[in-house]
**Q** 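Structure in structure tokens, see below.
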Amino acid sequence: MSIKPRLSRGLRDLLPDTMLARQRLIDTVREVYETYGFAPLDTPAIEYLDVLSGSAGAEAQQSIFRVSNPEEEELGLRFDLTVPLSRVVSQYPEVTLPFRRYQVSQVWRADKPHPGRFRQFTQFDLDAVGAPCGTADTEILAAICDSLSAIGVGPYEVRFSSREILNLLLRHASISADRAEDVFRVLDKLEKIGIEKVKLELTNGYRDESGDMIPGLGLGDDQVSAIERFLSIQGTDRGDVLQQLRSLFADIETSAEQLDVIESISSDLDTLGYGSDRVALDVSIARGLAYYTGPVFEAVLLDAPQFGSVFGGGRYDNLVARFGGPPIPATGASLGVDRILAAMEHLGKVRPAKTPAEVLVTVMDGGLRQECLQLAFELRRAGIRTEIHVGSGRLGKQLKRADRLGIPYAILMGTNEAEQGVVTLKQMEVAHQAGGAITQHEDWKAARFGQREVSRADIVQTLASLLGRD
RNA sequence: GCCGACGUAGCUCAGCCGGUUAGAGCGCCUGAUUGUGGAUCAGGAGGUCGAUGGUUCGAAUCCAUCCGUCGGUACCA
């Protein structure tokens, strides 16, 4: 009885083509984060259940993967990187605050999988722990922009708001604080379901297309119209939005002071060249997370909005205090690596290659095997990613392999070349462009698409130059 | 979690009011072509028809349950 090769739902293998794109993405973002002077951290996948679950409600605990060990301790897989970070900061007094760290790691959630959403996925987080509201939040927003620019996924929009703005709304609309989470959750759906359904969900609920009853929150008409007035605050300019907020909340004593904090971040961003065209102050941003206390952030790709937010984050000034000790203010953001890769693939921004190799050195003549091997190592020592043919098989099979794996160049060195002290350099893609009309295979072969002879002595330099390595 | 649809080859699917050995296209492998990838041609591998139980002389086909996938919805730290 053989075992069927398979994976549990929501899990997947990352094959070489996926891994190559992923590693390039991660390298790019890491470079940005390190430019900001953030330091790397890694923590175990497994944490004590009480460490994980303190910040989460009963419902949230259901999506934690439980883990067992020989000691039968209560353990689980981490569901984000923020909670482990809070633990680390609390556990190691020697960590110097502010602790500015990045971490790229897998996390696990036992939710129902959706397209682009898995039970094991990767987050790339950037956080500053021990940093009060202000400069640190500006930096996080700027780093989000720089990361998205560096990745090259096309136009994007970073949106931010603040839990404090939303709290002002609650006061303005006379909504009690214990309804805050329910209200925020509905507001967060604005972009997805539209203002009319948001209003229904705030009041009496509605029946959706599938016949499901969506329960309402039972707010009054005055409260809903106050919320609607708030949500109608939209502007292409952060200054405009702030001005509208100031006038809407003018009746609330502390509002000016609270809005000054947002204005300061906005002004920082202006000074640094992050204009309203890519960092918008969007009052409908709420973020589902209960632990956010100040500015909240997200980012969407304008060419692929259906993928949702690729960055999410915010300020969480109370999370670290869970582990005892004084409150430590913190802010950060998380890049959804799997989600942004899915979007890039959708946008055709992922180069389809199944190997990092740039050159395949073919081996046609067993007598020249060692010469071919020497050439391959010369290329490698020059920093050129080189595969040498290691199996049996005719030249055709070797070239087919280069084609299949997406290796752009092949080197042919048989007796003909060896006698003349040259090698044949073949650029694989040429035949795809030039050979389409040829119907006779003999003609196809005779065309020698993309080939030229290069002196054996010059081939390393020639390839280095072609690949931009010189 | 709830509602609905659907599970047949690696992929997309046909077959299904029960009736011999279950098909196609694409992909894969081999060869024509041991110094040339594509196209073309010839050949080949690959399926306990999601699983289990039931009805029947006989089940991919009908029934039940379970599992899984997809869509919607809820949740999303």
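Lettering of chains follows the sequences in order, A, B, ..., and the numbering in each one begins at 1. Source: prediction; values computed, not measured. The basis for the numbers below is simple: all heavy atoms, side chains too, and nothing from hydrogens, waters or symmetry mates.
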**Q** Of all residues at least two apart in sequence or in a different chain, which pass the side chain to side chain contact (heavy atoms under 4.5 Å, CB included) check with A:Pro356?
**A** A:Leu20, A:Arg385
**Q** Would you tabulate the nitrogen or oxygen pairs shorter than 3.5 Å linking the protein to nucleotides 43-46 of chain B?
**A**
none

**Q** Who does B:G7 pair with, Watson-Crick or G-U, both distances under 3.5 Å?
**A** B:C67
**Q** Under a 3.5 Å cut-off for both distances, is B:U20 Watson-Crick or wobble paired, and to whom?
**A** none
**Q** Determine which nucleotide pairs with B:C28, using a 3.5 Å limit on both distances of a Watson-Crick or G-U wobble pair.
**A** B:G44
**Q** Rounding to an integer number of angstrom, what distance separates B:A59 and B:C17 when you compare their P atoms?
**A** 15 Å
**Q** Name all residues meeting the ring pair (Phe, Tyr, Trp, His ring centres under 6.0 Å) criterion together with A:Phe311; count only those two or more places apart in sequence or in a different chain, and write none if there are none.
**A** none
**Q** Say we look at B:U65 and B:A5: how far apart would their P atoms be, to the nearest angstrom?
**A** 13 Å
**Q** Could you check which nucleotide pairs with B:A14 in any of the strands shown, counting Watson-Crick or G-U wobble with both distances under 3.5 Å?
**A** none
**Q** Side chain to side chain contact (heavy atoms under 4.5 Å, CB included) with A:Ile26: which residues, sequence neighbours excluded?
**A** A:Arg22, A:Arg30, A:Val104, A:Phe124
**Q** For A:Phe449, which residues count as a ring pair (Phe, Tyr, Trp, His ring centres under 6.0 Å) partner, sequence neighbours excluded?
**A** A:Trp444
**Q** Rounding to an integer number of Å, can you tell me how far A:Arg109 CZ sits from B:A74 P?
**A** 18 Å
**Q** Take atom P in B:A64 and the same atom in B:U20, then report the distance between them in whole Å.
**A** 25 Å
**Q** Could you check how far CD1 of A:Ile193 sits from P of B:C75, rounded to whole Å?
**A** 10 Å
**Q** Does A:Lys189 have a side-chain nitrogen or oxygen under 4.0 Å from the phosphate oxygens OP1 or OP2 of B:C76?
**A** no
**Q** How long is the line joining CG of A:Asp13 and P of B:G10, in whole Å?
**A** 17 Å
**Q** Could you measure between the two P atoms, the one in B:G50 and the one in B:G68, and give it in whole Å?
**A** 16 Å
**Q** Between B:G27 and B:C67, how many Å separate the two P atoms, rounded to a whole number?
**A** 38 Å
**Q** Mind checking side chain to side chain contact (heavy atoms under 4.5 Å, CB included) for A:Ala418 and listing every partner two or more places apart, or none if nothing turns up?
**A** A:Leu368
**Q** Restricting to side chain to side chain contact (heavy atoms under 4.5 Å, CB included), what partner residues turn up for A:Arg159, sequence neighbours left out?
**A** A:Glu157, A:Glu191, A:Asp282, A:Ile285, A:Glu298, A:Val300
**Q** For B:G35, what is the paired nucleotide under Watson-Crick or G-U wobble rules, both distances under 3.5 Å?
**A** none
**Q** Side chains of A:Phe307 and A:Leu301, heavy atoms from C-beta outward: is any pair under 4.5 Å?
**A** no
**Q** Rounded to the Å, how far apart are A:Phe184 CZ and B:C75 C1'?
**A** 18 Å
**Q** With rounding to whole Å, what would you report as the distance between B:A22 and B:G46 at their P atoms?
**A** 14 Å
**Q** Holding to ring pair (Phe, Tyr, Trp, His ring centres under 6.0 Å), I want the full list of residues that pass it with A:Phe184, two or more places apart in sequence or in another chain.
**A** none
**Q** C1' atom, B:G23 versus B:U40: distance in rounded Å?
**A** 24 Å
**Q** Both distances below 3.5 Å, Watson-Crick or wobble geometry, any strand: find the nucleotide opposite B:G1.
**A** B:U73
**Q** How many angstroms lie between CD in A:Gln258 and CG in A:Leu168, if you round to the nearest 0.5 Å?
**A** 4.5 Å
**Q** Rounding to a whole Å, what distance do you find between A:Arg12:CZ and B:U69:P?
**A** 15 Å
**Q** Evaluate the criterion side-chain contact (heavy atoms from CB on, under 4.5 Å) for residue pair A:Leu217 and A:Arg179; output intermediate values, then yes/no.
**A** CA-CA 9 Å; A:Leu217 298 181; A:Arg179 307 301 305 275; 3.6 Å; yes
**Q** For nucleotides 33-39 of chain B, read 5' to 3', which letter fits each nucleotide if B means a protein heavy atom sits under 4.0 Å from the base, S means only the sugar-phosphate is that close, and - means neither?
**A** BSBBBBB
**Q** P atom, B:G44 versus B:G1: distance in rounded Å?
**A** 48 Å
